[in-house]
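From a predicted model like this one, the values you see are computed outputs, not experimental measurements.
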Amino acid sequence: MKEFVISDVKAEKAVLVGLVTQMQDEAKTKEYLDELEFLADTAGAVTVRRFTQRVAAPNQTTYVGKGKLGEIKEYIRNEEEAGREIGMVIFDDELSAKQIRNIEGELKVKILDRTSLILDIFAMRAQTANAKTQVELAQYRYMLPRLQRLWTHLERQGGGSGGGGGKGTVGLRGPGETQLEMDRRIILQRMSLLKQRLAEIDRQKTTQRKNRGRLIRVALVGYTNVGKSTIMNLLAKSEVFAENKLFATLDTTVRKVIVENLPFLLADTVGFIRKLPTDLVDSFKSTLDEVREADLLLHVVDISHPDFEEQITVVDKTLADLGCADKPSMVVFNKIDAYRWVDKEPDDLTPVTKENVTLDELKRTWMARLSDNCMFISARNKTNINEFRNILYQRVRHLHVQKYPYNDFLYEVDTDESMAGTGGSDSPSA
């Protein structure tokens with residue numbers, strides 16, 4: 001059976017396509033395409049051109065209009081004639097089977113959407129049996145409603161539908177339809193097996209969590225590539241993989257951290273992203289259970305990102321979908337070392353934009369909005385880390401005393417000890 005989700009990382013040239021609609025202005029489309037280019041780069045593709053079109057809504061058959069599709073086709077043909085072959089065209093929204101079939105038939109190159117690109121990155125990043133199983137299930141869920149287009153090269157013979165000569169409503173019983181049904185049955189059987197495996201993994205994870213003793217659980221959550229793994233390495237003195245790529249962490253990693261006299265468990269979870277496929281969230285249920293069962297959520301935000309406020313909204317919505325909106329939480333604004341702003345000239349009377357807001361002004365705004373329930377740090381430069389540890393200690397201690405009033409862990413410490421000597425010790429990954 002032909003696969004159409006990439007499984008190998010290749011330095012292919014890619015063209016990106018997005019829409020400007022009533023619900024998504026030009027600036028927002030540019031931000032989405034910037035993120036899509038980052039996704040393509042993470043997957044191993046090189047973006048060479050972007051195409052956008054202003055429409056009321058996506059075309060039901062070709063996503064973009066015929067004129068724009070012809071423009072993309074001409075560009076691909078010209079590049080091929082010049083010896084610069086375009087390997088794929090990536091669309092910023094999820095495409096239907098009909099759209100993929102029509103676009104691929106017109107452009108004659110590999111067609112991907114945002115969902116299939118994310119799935120490819122997940123397949124590339126998956127290391128453990130748990131992650132690989134979850135990714136495979138998500139891929140099959142994505143593939144199942146799009147099976148039809150894989151067999152369009154086979155002849156659709158007419159069925160015996162009476163006087164219609166095979167042109168009636170039952171006239172699709174050729175070898176293509178037979179193969180389609182066989183593939184559908186195989187995929188459904190495979191999905192059933194994968195669900196059984198994940199159920200078994202989920203039971204094992206539940207047992208592991210029960211065996212962790214009376215410890216407060218803290219989970220790092222946030223948008224992808226905001227520095228969660230770097231913070232984990234800093235607090236737990238571990239070596240969780242961290243890279244300036246999207247979805248560098250797929251498998252939830254749990255470490256035991258000790259701050260002063262208080263041990264607790266710290267979990268590094270998979271990052272969220274805009275337009276995250278629902279099937280992907282469902283497939284990663286056992287991974288996201290670490291978030292559901294956490295006592296405290298540390299919502300890490302990349303304050304240097306120009307659209308960090310929308311990223312906060314995306315994470316809050318995803319947490320609400322997981323039933324975690326009411327959990328105790330704290331916002332950690334990371335990467336303050338990378339924050340940039342533009343000073344306005346004294347005689348510049350134009351309105352102040354978010355690009356003109358200084359870091360100090362931003363701090364005051366968010367600290368007032370969140371009632372001081374936030375921190376501003378640089379995990380890479382270790383800025384404000386001791387203050388962060390101290391606040392984290394106070395929050396975890398408060399939760400620990402509430403949950404375990406007759407605790408076995410809190411013991412007296414020398415009040416003259418400094419926070420600088422605290423650290424963490426490794427425990428097996430979740």
Side-chain angles (χ1 to χ4, degrees), residues 215-249 252-271 294 296-306 308 311-312 315 329-341 357-367 370 372-399 413-427 429:
L215 292 173
I216 292 297
R217 301 171 188 173
V218 180
L220 294 165
V221 299
Y223 210 77
T224 181
N225 200 43
V226 295
K228 297 187 298 297
S229 297
T230 304
I231 293 175
M232 167 72 117
N233 292 335
L234 201 60
L235 291 175
K237 295 185 178 179
S238 59
E239 294 185 0
V240 175
F241 180 70
E243 185 183 14
N244 186 29
K245 296 282 187 181
L246 300 180
F247 302 114
T249 300
T252 297
T253 305
V254 180
R255 295 288 185 265
K256 182 179 179 182
V257 178
I258 301 176
V259 178
E260 283 200 15
N261 61 339
L262 178 62
F264 61 92
L265 296 175
L266 182 65
D268 181 20
T269 63
V270 62
L296 174 65
L297 301 179
L298 296 182
H299 181 174
V300 184
V301 178
D302 177 4
I303 198 172
S304 68
H305 194 283
F308 74 88
Q311 291 185 353
I312 293 176
V315 174
S329 63
M330 176 180 174
V331 179
V332 181
F333 290 100
N334 189 28
K335 303 188 182 182
I336 60 174
D337 57 301
Y339 183 80
R340 300 290 181 270
W341 70 92
V357 178
T358 68
L359 182 59
D360 288 337
E361 291 172 337
L362 204 60
K363 284 182 179 180
R364 289 194 295 270
T365 300
W366 279 96
M367 291 182 79
L370 298 173
D372 289 342
N373 188 38
C374 60
M375 275 292 302
F376 294 81
I377 69 169
S378 169
R380 186 176 67 174
N381 292 352
K382 300 183 180 179
T383 306
N384 296 337
I385 295 302
N386 285 339
E387 183 183 356
F388 173 45
R389 280 200 184 102
N390 186 37
I391 293 176
L392 180 59
Y393 170 80
Q394 298 297 334
R395 294 294 303 272
V396 174
R397 181 187 175 94
H398 176 71
L399 291 170
V413 295
D414 187 351
T415 55
D416 294 331
E417 289 182 357
S418 66
M419 297 295 296
T422 62
S425 58
D426 291 351
S427 70
S429 300

**Request:** Quick one: do Leu235 and Arg389 satisfy side chain to side chain contact (heavy atoms under 4.5 Å, CB included)? Show the steps, please.
**Result:** CA-CA 8 Å; Leu235 291 175; Arg389 280 200 184 102; 3.8 Å; yes

**Criterion side chain to side chain contact (heavy atoms under 4.5 Å, CB included) on Leu220 and Ile231, from CA distance to verdict** = CA-CA 9 Å; Leu220 294 165; Ile231 293 175; 4.2 Å; yes

**Request:** Evaluate the criterion side chain to side chain contact (heavy atoms under 4.5 Å, CB included) for residue pair Val357 and Trp341; output intermediate values, then yes/no.
**Result:** CA-CA 6 Å; Val357 178; Trp341 70 92; 5.9 Å; no

**Request:** Could you walk me through whether Cys374 and Met367 pass the side chain to side chain contact (heavy atoms under 4.5 Å, CB included) test, one step at a time?
**Result:** CA-CA 6 Å; Cys374 60; Met367 291 182 79; 3.6 Å; yes

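Across Gly222 and Val315, no two heavy atoms sit closer than the pair C-CG2, 3.6 Å. For the pair Val254 and Ala267, the tightest heavy-atom approach, listed with the atom from each and the gap, is CG2-CB, 4.0 Å. Scanning all heavy atoms of the two residues, the minimum distance from Leu215 to Pro263 falls at CD2-O, 3.5 Å. The two residues Phe388 and Ile377 have their closest heavy-atom pair at CB-CG2, 4.1 Å.
Aromatic ring orientation, Phe308 versus Trp366: tilted (interplanar angle from 30° to 60°).
The backbone N or O of Val226 sits less than 3.5 Å from a side-chain atom of Asn334, completing a donor-acceptor pair. At least one donor-acceptor pair closer than 3.5 Å links the side chain of Asn384 to the backbone N or O of Phe376. Here the side chain of Lys228 pairs a donor or acceptor atom with the backbone of Tyr223 at under 3.5 angstrom.
In this structure, the separation between CG on Leu262 and CD on Gln394 is 10.0 Å, given to the nearest 0.5 Å. The structure places CZ of Arg395 at 5.0 Å from CG of Asn373, a figure rounded to the nearest 0.5 Å.
For the pair Leu392/Leu298, a side-chain contact is recorded, criterion being any heavy-atom separation below 4.5 Å from C-beta on.
Applying side-chain contact (heavy atoms from CB on, under 4.5 Å) to Met330 and the options Ile391, Val218, Leu297 leaves one that passes, Ile391.
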